Amino acid sequence: MTTPMNVSDLAQVLFVSTLQASDHPSPDQVRMIIEGRIRACHADLSDCAALVAQEAGDHPEAYASRMRWALCEAGRVRPSISFSP
């Protein structure tokens, strides 16, 4: 059974990826990065959430702008991304 992920989930996955806003990624690139990261963590988003929290603590000055970017990008690709638990 395939379950769609919400934008917040996808943004967390993207947030902890190596992809940067300055890369000006296409929606396909964003989708590939998110899907690869989801596969790597076997759809367990707790690792992503922990890494987001760590980054927020380590780099609070960059957190808000990166998360805004991740949310925007995740919103653009959300309809086509889902996972099988």
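Keep in mind that the numbers below use all heavy atoms, side chains included, and drop hydrogens, waters and symmetry copies. Sequential numbering from 1 along the given sequence is applied to the chain's residues. Small disclaimer: the values here were computed from a predicted structure and weren't measured.
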Nearest heavy atoms of [X] and [Y], plus distance in Å:
X   : Y   : value
E73 : P25 : OE1-O, 4.3 Å
L19 : W69 : O-CH2, 3.7 Å
P27 : V77 : O-CG1, 3.5 Å
A70 : A11 : CB-O, 3.5 Å
S17 : I33 : CB-CG2, 3.4 Å
R76 : S26 : NH2-C, 4.5 Å

Report the distance from atom [atom1] of [X] to atom [atom2] of [Y], rounding to the nearest 0.5 Å.
X   : Y   : atom1 : atom2 : answer
I38 : D9  : CD1   : CG    : 8.5 Å
R66 : H59 : CZ    : NE2   : 10.5 Å
M67 : F15 : CE    : CZ    : 5.0 Å

Inset, instruction - Find out if a path of hydrophobic residues (ILVMFWY) with successive side-chain heavy-atom gaps under 4.5 Å connects V52 to L71. - result: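 In one cluster with V52: L71, yes.
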Inset, instruction - Find out if a path of hydrophobic residues (ILVMFWY) with successive side-chain heavy-atom gaps under 4.5 Å connects Y63 to V7. - result: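 Yes: a chain of side-chain contacts under 4.5 Å links Y63 to V7.
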